[in-house]
Number of protein chains: 2
Amino acid sequence: MAGHQILVRQVDPTSDRAVFRQIADHLREAIQDGRLRTGEKLPSEAQLMEHYNVARMTVRQAIQELKAEGLAVSEHGRGVFVRARPPVKRLAFDRFARRHRKEGKAAFLAESESVGAKADVDMIKVREAPAPGDIAERLRVSPDETVVVRSRRYSLDGTPVELATSYIPVDLARGTRIMDDNPGPGGIYARIEEQGRQLERFIEDVSTRMPTHEEARLLLLGPGVPVFRLIRTAYDVEGRPVEVCDTIMPGDAYLLSYELPAH
Amino acid sequence: MAGHQILVRQVDPTSDRAVFRQIADHLREAIQDGRLRTGEKLPSEAQLMEHYNVARMTVRQAIQELKAEGLAVSEHGRGVFVRARPPVKRLAFDRFARRHRKEGKAAFLAESESVGAKADVDMIKVREAPAPGDIAERLRVSPDETVVVRSRRYSLDGTPVELATSYIPVDLARGTRIMDDNPGPGGIYARIEEQGRQLERFIEDVSTRMPTHEEARLLLLGPGVPVFRLIRTAYDVEGRPVEVCDTIMPGDAYLLSYELPAH
DNA sequence: GAGTGGTCTAGACCACCAC
DNA sequence: TGGTGGTCTAGACCACTCT
């Protein structure tokens, strides 16, 4: 093993800064200036204890800090590693252009094909249920009015990338393939347009927060990775909201791109 | 004190789930179903130790988990409290409409006035420096080509809400008030349009991550709060990028709203 | 079996806050 | 001054991974 070259400095016990934070600082710098590269193993807890001459809880607190920042992940029995950043997927502002629906693809499939990835949808559940408050407001239905709720999980090459729940007024969904697990070519939006309700625009409301435990489990998120919450409302040409889609996406895997007018 | 009503359950020592996680689960449920309200104090570490009959490090791990999720904040010498969510500010998709500039207001001031808050800008620094790689690409200049860099911090009613850094090609900035700390009425965009370069559109690239330590300090962020990173590129009517603005915003204080075309 | 991280105990001293 | 959280020590036993 010959000792870790990255361990050169010692902590300053007279400093105001807590010892565990100083250790975290050393490791953070090593990661950020490339002395520790993506996927590489950090010194073990035992090595850090010996080098800095501190108790185990102290080095664990330092490592905990790096994990919370999303810089490191631990693997039981193997070690602590510099987190590998997933390739970032850019969601373009024209991703709901009608030409995609015309080609018989739902938005997600159209997007993923363009990057040569294999898309999957699982955990599909369709039911009728009351609309939650913020959704009802966007859909312009009474709070707790029954709507059709479609939830599902999207994966790309086997990695879960999105949890989505759509809310559709019952009069637009009942008796259509929107009630089926597979809504057919072009997805929900194509089924809505078939009813003569041409879509005109979408409003997306983007927020971010730390995931709940359930979300972290379903999206295989490590600690220190926030999620995007994206609430999209689809409007038809008459200005009526015809669908609200509430999606949760890993924050480290997406870049959302939008166009704004200057006039 | 009469004991905490929220402490009713005990942990199951035979469960696979770690004791500290079970304690965190109890507290999380109490917060989420309203038994512990915003701003309210959690039971102290000593109380939790006694109730669950565990060591101090165990209850501290439970509390640590809640803090990482952004559900609680600790105050030295006072206690641990249910995190107060700041009022969420909605950024509308028409916020760069020219009418705001015509009224002599920069975008930030126009926005904040509409909600009746007092806006401040501090930590203003203007300098010439090489453009970072991702910025240079958006600005279509060579990597490390010198550009004008304007950084500043925005506050609302005394609370810091945004760290922003603008990059402007030197030929558009030198000799104008863009080089001044105060760029004048209507902000940078107004100064650019005065040079006959009418703005046509903006592209905003939105990402999210945990803040660096420096960002958490400048934005007064607690643990467990992610940030938005928003990179906005401004284009003139000829399609030339005339400014790139890189901003960091507390993720719990903003909701970004965008409009997407369906055609 | 040796090495790793995960969990937990039972203390200690300190800094900060409210009374 | 007593209660609070912040930091740190020095152990223990366990589960997991690799060889």
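Residue numbers start from 1 in every chain, and the chains themselves are labelled A, B, ... in the order their sequence lines are given, proteins ahead of strands. When reading the values below, keep in mind they use all heavy atoms of this one structure, side chains included, and skip hydrogens, waters and symmetry mates.
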Task: Partner set under salt bridge (charged side-chain N to carboxylate O under 4.0 Å, His left out) for B:D180, not counting sequence neighbours - done: B:R177
Open item on the list: Just the rounded figure in Å: distance from C1' of D:dT7 to CZ of A:R21.
Closed with: 10 Å
TODO: Mind checking salt bridge (charged side-chain N to carboxylate O under 4.0 Å, His left out) for B:E50 and listing every partner two or more places apart, or none if nothing turns up?
DONE: none
- [ ] For A:Q47 and C:dG3, give me the distance from atom CD to atom C1', rounded to whole Å.
- [x] 10 Å
Open item on the list: Taking side-chain hydrogen bond (donor to acceptor under 3.5 Å, both in side chains) as the definition, give me every residue that meets it alongside B:D122, ordered by chain and number, with sequence neighbours left out.
Closed with: B:R153
Task: Distance in angstrom units between B:Q61 CD and D:dG6 P, rounded - done: 14 Å
Task: salt bridge (Lys or Arg N to Asp or Glu O under 4.0 Å) between A:E162 and A:R152, worked out - done: CA-CA 8 Å; A:E162 188 176 326; A:R152 67 277 189 196; over 6 Å; no
TODO: Report yes if a side-chain nitrogen or oxygen of B:T58 is closer than 4.0 Å to either non-bridging phosphate oxygen (OP1 or OP2) of C:dT7; otherwise report no.
DONE: no
Task: Spacing between B:M49 atom CE and C:dC8 atom P, to the nearest angstrom - done: 14 Å
TODO: Could you pull out all residues at least two apart from A:R78 that satisfy side chain to side chain contact (heavy atoms under 4.5 Å, CB included)?
DONE: A:E75, A:F81
Open item on the list: So, OP1 or OP2 of C:dG5: does either fall under 4.0 Å of a side-chain N or O from A:S74?
Closed with: no
Task: Whole-Å gap separating C1' (C:dT7) and CD (A:E45) - done: 11 Å
Task: Basic-acidic side-chain contact under 4.0 Å: A:D246, A:R232 - done: no
Task: Spacing between A:R60 atom CZ and D:dT7 atom P, to the nearest angstrom - done: 16 Å
Open item on the list: The criterion is salt bridge (charged side-chain N to carboxylate O under 4.0 Å, His left out); which residues satisfy it with A:D252, sequence neighbours excluded?
Closed with: none
TODO: Would you please enumerate the stems DNA chain C participates in, each stem being three or more consecutive Watson-Crick or G-U wobble pairs with both distances under 3.5 Å?
DONE: C:1-18 with D:1-18
Task: Sequence-distant partners of B:D33, salt bridge (charged side-chain N to carboxylate O under 4.0 Å, His left out), two or more places apart - done: B:R35
Open item on the list: I'd like to compare against my own output: the B/S/- annotation of nucleotides 11-19 of chain D with a strict under-4.0 Å heavy-atom distance to protein.
Closed with: -B--BBSS-
Task: Spacing between B:R17 atom CZ and C:dT7 atom C1', to the nearest angstrom - done: 14 Å
Open item on the list: Suppose we screen for side chain to side chain contact (heavy atoms under 4.5 Å, CB included). Which residues come up paired with A:V82, at least two apart in sequence or across chains?
Closed with: A:I31, A:L36, A:L42
Task: Length of the line joining B:L48:CG and C:dC8:P, which is rounded to integer Å - done: 14 Å
